[in-house]
Enquirer: 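If you scroll down you'll find the structure; I have some questions about it.
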Amino acid sequence: MMRKTSVILLSAATGAALTLFVTQPRAVFMGSSARAATADTYRQLNLFGDVFERVRSDYVEKPDDTKLIESAISGMLTGLDPHSSYMDAKSFRDMQVQTRGEFGGLGIEVTMEDGLIKVVSPIDDTPASRAGVMANDIITNLDDEAVQGLTLNQAVEKMRGPVNTKIKLKIIRKGQDNPIDVTLVRDNIRVRSVRARVEADDIAYIRITTFNEQTTEGLKREVANLSNQIGDKLKGYVIDLRNNPGGLLEEAVTVSDSFLEKGEIVSTRGRNAEETQRRTAHTGDLTKGKPVIVLVNGGSASASEIVAGALQDHKRATIVGTRSFGKGSVQTIIPLGSGNGALRLTTARYYTPSGKSIQAKGIVPDIEVLQDVPDELKSRTDTKGEASLRGHLKNDGDEKTGSQSYVPPDAKDDKALKLADDLLHGIKNSASAAPTPGGDKATTDKPKAAN
């Protein structure tokens with residue numbers, strides 16, 4: 001029996017149908033150890049039932065049965081890993097709207113850390129970005145209500161609301177002695193996931209901010225526009241994936257395919273060997289073989305890492321910047337029936353074409369470039385990465401944490417972009433610009449003080 005699923009990376013997701021079925025009891029085929037394990041599981045379920053009934057009957061105030069069950073499910077899922085969670089019906093609907101590229105809210109990608117809301121990245125040209133909300137900010141209060149004790153989905157729901165309504169955020173920012181109060185006005189967030197411009201008269205610069213359902217079409221549109229604007233003098237493409245937190249797996253595959261003629265893009269491997277899936281490229285390079293530079297940093301996660309890993313392994317692009325976030329897992333959205341919401345469940349790890357898992361390690365750039373960070377920002381420009389998240393999936397070998405995620409607001413101060421321009425103009429080549437073995441980086445000065 002076939003089942004349809006929707007796979008996502010990080011916080012973005014889309015709705016999908018899932019056909020569930022019940023098999024006949026298999027106890028007659030089980031050995032003694034399997035029967036013992038099953039019996040122990042049922043004893044634990046009986047324990048849950050006992051606790052549930054005791055809470056219903058003896059708690060100081062009459063609890064809501066639905067909230068009790070949802071909280072139990074949420075606790076079970078969040079105890080698995082940082083990316084599995086339960087979505088109630090409203091959260092599920094909101095998520096479906098978000099992945100279509102339009103939703104109401106503030107315009108920030110967030111995650112949960114130590115019971116508080118941590119900003120992964122503000123979305124460009126939204127109330128959050130215009131108010132100066134930054135990656136790594138910790139949100140402790142929403143309209144004077146403490147975030148501690150809320151689930152991620154509950155906190156996100158509180159941040160969303162009718163357009164033109166206000167919400168006050170209390171933010172803790174590393175390097176600031178006192179909390180920061182910011183009042184934002186909710187807006188209709190139209191996520192333009194692809195932005196582009198002509199760089200240095202002959203380079204096509206394309207920034208992808210997230211991977212939603214419009215990303216591949218947006219990429220195709222911008223490539224066509226830029227190639228027409230620049231014409232025959234086009235030197236190549238800079239694809240900026242810095243601080244892109246991820247999104248839909250399918251969009252990561254089709255974006256990668258846009259630059260490849262053949263070969264594997266990514267494989268996903270679940271618990272059972274028969275669940276392994278391999279995605280391959282189709283003939284047709286959108287850029288007609290022009291050189292490609294991909295920019296990444298500590299805020300580049302999931303779908304961004306799939307694209308960077310595929311183009312790096314096929315030597316189709318030179319990867320420039322700092323080590324990426326290291327989220328190498330895939331989440332499947334499993335609807336639970338009308339009005340019951342859905343599960344976001346980690347069901348697989350993904351691997352680059354060379355068979356490498358980047359889980360808790362990240363994509364290591366071909367050329368590392370550290371930005372010059374203003375003194376007032378030096379204490380908060382590193383992202384801890386997947387390996388620092390409590391309960392993350394483990395990987396073999398040394399896991400890596402922490403990588404610079406600062407992007408200068410002015411392009412003239414952007415050292416990674418400047419190097420990309422030099423590479424495409426032939427002023428430098430990949431070999432001469434690569435880090436010097438055992439020494440300092442040839443392309444950048446080290447920060448004057450430790451971050």
Side-chain angles (χ1 to χ4, degrees), residues 10-12 74-75 78-79 81-85 91 105-124 126-161 166-186 189 209-210 242-246 297-302 322 324-327 360 373-392 401-407 409 450-451:
L10 197 64
S11 59
S74 180
T78 55
D81 68 83
H83 308 295
S84 295
S85 63
S91 298
L106 306 178
I108 45 177
E109 298 282 354
V110 295
T111 188
M112 182 72 78
E113 185 173 287
D114 296 329
L116 299 174
I117 300 300
K118 181 177 181 179
V119 177
V120 175
S121 176
I123 298 171
D124 291 349
T126 62
S129 65
R130 290 192 291 268
V133 177
M134 299 177 62
N136 297 320
D137 279 351
I138 301 295
I139 300 173
T140 62
N141 295 72
L142 300 169
D143 278 338
D144 298 323
E145 180 182 349
V147 169
Q148 194 90 34
L150 299 178
T151 66
L152 179 61
N153 290 330
Q154 288 170 337
V156 169
E157 184 176 346
K158 285 183 176 295
M159 285 187 279
R160 293 178 179 174
K166 294 182 179 180
I167 182 172
K168 186 169 71 173
L169 278 57
K170 187 180 291 292
I171 292 172
I172 293 177
R173 182 172 292 167
K174 191 173 181 180
Q176 298 281 348
D177 294 333
N178 299 314
I180 302 168
D181 288 324
V182 179
T183 299
L184 303 180
V185 178
R186 295 181 179 92
I189 307 301
T209 59
T210 188
R242 291 176 295 181
N243 292 332
N244 181 323
N297 66 6
S300 305
S302 295
T322 58
S324 63
F325 188 84
K327 182 183 175 292
V373 182
D375 290 339
E376 67 272 16
L377 298 178
K378 283 183 176 179
S379 62
R380 55 182 186 274
T381 57
D382 281 3
T383 299
K384 292 181 179 180
E386 176 79 9
S388 69
L389 298 180
R390 185 177 301 169
H392 71 273
T401 62
S403 179
Q404 191 185 74
S405 59
Y406 176 72
V407 178
N451 291 334

Enquirer: Charged N to carboxylate O below 4.0 Å: is that the case for Lys168 and Asp144?
Expert: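 Here Lys168 pairs with Asp144 in a salt bridge, since their nearest N and O are under 4.0 Å apart.
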Enquirer: What residues form a salt bridge (Lys or Arg N to Asp or Glu O under 4.0 Å) with Arg186, not counting sequence neighbours?
Expert: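 With sequence neighbours excluded, Arg186 shows a salt bridge (Lys or Arg N to Asp or Glu O under 4.0 Å) to no residue whatsoever.
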Enquirer: Taking Ser84 for its side chain and Asp81 for its backbone only, find out whether a donor-acceptor pair lies under 3.5 Å.
Expert: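 Judged by distance alone, no pair lies under 3.5 Å.
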Enquirer: Over all heavy atoms of both residues, which pair between Asn141 and Val147 is shortest? Give the atoms and the distance, please.
Expert: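 The answer is N-CG2, 3.9 Å.
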Enquirer: What pair of heavy atoms forms the shortest contact from Phe325 to Ala301, and how long is it?
Expert: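 Closest heavy-atom pair between Phe325 and Ala301: CB-CB, 3.7 Å.
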Enquirer: Looking at Asp143 and Lys166, is there a salt bridge between them, counting it only when a charged N and a carboxylate O are closer than 4.0 Å?
Expert: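 So Lys166 does not pair with Asp143 through a salt bridge.
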Enquirer: Report the distance from atom CZ of Arg242 to atom OG1 of Thr209, rounding to the nearest 0.5 Å.
Expert: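 Arg242 CZ to Thr209 OG1: 13.5 Å, rounded to 0.5 Å.
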Enquirer: Counting C-beta onward and ignoring hydrogens, is there a side-chain heavy-atom pair between Gln404 and Val373 closer than 4.5 Å?
Expert: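 Yes. Closest side-chain heavy atoms under 4.5 Å.
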Enquirer: Taking all non-hydrogen atoms of both residues, which atom of Gly299 and which atom of Ser405 are closest, and how far apart?
Expert: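 Heavy-atom minimum between the residues: N-CB, 3.9 Å.
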Enquirer: With the side chain counted from C-beta on, respond yes when Asn243 and Tyr406 share a heavy-atom pair under 4.5 Å apart, and no when they do not.
Expert: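 Result no, sub-4.5 Å side-chain heavy-atom pair not found.
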Enquirer: Tell me, please, which residues at least two apart from Leu116 pass side chain to side chain contact (heavy atoms under 4.5 Å, CB included).
Expert: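 Leu116 satisfies side chain to side chain contact (heavy atoms under 4.5 Å, CB included) with Ile138, Thr140, Gln148 once adjacent residues are dropped.
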Enquirer: Picking from Leu169, Val182, Val185, what satisfies side chain to side chain contact (heavy atoms under 4.5 Å, CB included) with Leu106?
Expert: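 Exactly one candidate clears the test, Leu169.
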Enquirer: Who are the side-chain hydrogen bond (donor to acceptor under 3.5 Å, both in side chains) partners of Asn178, not counting sequence neighbours?
Expert: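 Testing Asn178 for side-chain hydrogen bond (donor to acceptor under 3.5 Å, both in side chains), a comparison that skips the adjacent residues, returns none.
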Enquirer: Do Thr78 and Met112 come within less than 4.5 Å of each other through their side chains, counting heavy atoms only?
Expert: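 Sidechains of Met112 and Thr78: no contact.
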Enquirer: Can you list everything that forms a side-chain hydrogen bond (donor to acceptor under 3.5 Å, both in side chains) with Thr322? Sequence neighbours excluded, please.
Expert: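 Thr322 satisfies side-chain hydrogen bond (donor to acceptor under 3.5 Å, both in side chains) with Ser403 once adjacent residues are dropped.
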Enquirer: Considering only residues two or more places apart or on different chains, which pairs with a residue in residues 150-159 satisfy salt bridge (charged side-chain N to carboxylate O under 4.0 Å, His left out)?
Expert: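 Sorted pair list: Glu145-Lys158.
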Enquirer: Could you check Arg390 against Asp114 for side-chain contact (heavy atoms from CB on, under 4.5 Å), going step by step and ending with a plain yes or no?
Expert: CA-CA 8 Å; Arg390 185 177 301 169; Asp114 296 329; 2.9 Å; yes
Enquirer: Can you name the nearest heavy-atom pair linking Pro122 to Val133, along with the distance?
Expert: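 The answer is CG-O, 3.3 Å.
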Enquirer: My understanding is that only residues two or more places apart in sequence, or in another chain, count here; which of them pass side-chain hydrogen bond (donor to acceptor under 3.5 Å, both in side chains) with Asp181?
Expert: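 With neighbours one apart ignored, the set is Lys170.
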Enquirer: Quick one: closest heavy-atom pair of Gly246 and Thr210, and the distance?
Expert: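 In this case the closest contact between Gly246 and Thr210 is O-OG1, 3.2 Å.
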Enquirer: Looking at OG1 of Thr111 and CG of Leu389, how far apart are the two atoms once the value is rounded to the nearest 0.5 Å?
Expert: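 Result: 6.0 Å between the selected atoms.
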Enquirer: Between atom OG of Ser121 and atom CD of Glu109, what is the distance when rounded to the nearest 0.5 Å?
Expert: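 Rounded to the nearest 0.5 Å, the OG-CD separation comes out at 7.0 Å.
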Enquirer: Can you list the residues that meet the side-chain hydrogen bond (donor to acceptor under 3.5 Å, both in side chains) rule with Asp177, with sequence neighbours excluded?
Expert: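 side-chain hydrogen bond (donor to acceptor under 3.5 Å, both in side chains) check on Asp177 returns nothing, list empty.
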Enquirer: Applying the side chain to side chain contact (heavy atoms under 4.5 Å, CB included) test to Asn136, which of Glu113, Lys174, Lys118 qualifies?
Expert: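 Of all the options given, the one that passes is Lys118.
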Enquirer: Mind checking whether Asp137 and Ile172 have side chains closer than 4.5 Å, heavy atoms only?
Expert: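 Answer no - side chains too far apart.
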Enquirer: Between Thr126 (side chain) and Gly107 (backbone), is there a donor-acceptor pair under 3.5 Å?
Expert: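 Such a contact is found between Thr126 side chain and Gly107 backbone.
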Enquirer: On a heavy-atom basis, which atom in Pro127 and which in Gly105 lie closest, and how many Å separate them?
Expert: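 Taking every non-hydrogen atom into account, CG-O, 4.3 Å.
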Enquirer: One pair to check against side-chain contact (heavy atoms from CB on, under 4.5 Å): Val110 and Val120. What are the steps and the verdict?
Expert: CA-CA 5 Å; Val110 295; Val120 175; 5.7 Å; no
Enquirer: Please report the interatomic distance CG(Leu377) to CZ(Arg173), rounded to the nearest 0.5 Å.
Expert: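 Spacing of CG (Leu377) from CZ (Arg173) equals 8.5 Å.
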Enquirer: State the NZ-NE2 distance between Lys327 and His392, to the nearest 0.5 angstrom.
Expert: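 Lys327 atom NZ to His392 atom NE2 measures 13.0 Å (nearest 0.5 Å).
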Enquirer: Under the side chain to side chain contact (heavy atoms under 4.5 Å, CB included) rule, collect the residues that match up with Ser85, sequence neighbours excluded.
Expert: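 Ser85 satisfies side chain to side chain contact (heavy atoms under 4.5 Å, CB included) with Asn153, Arg344 only.
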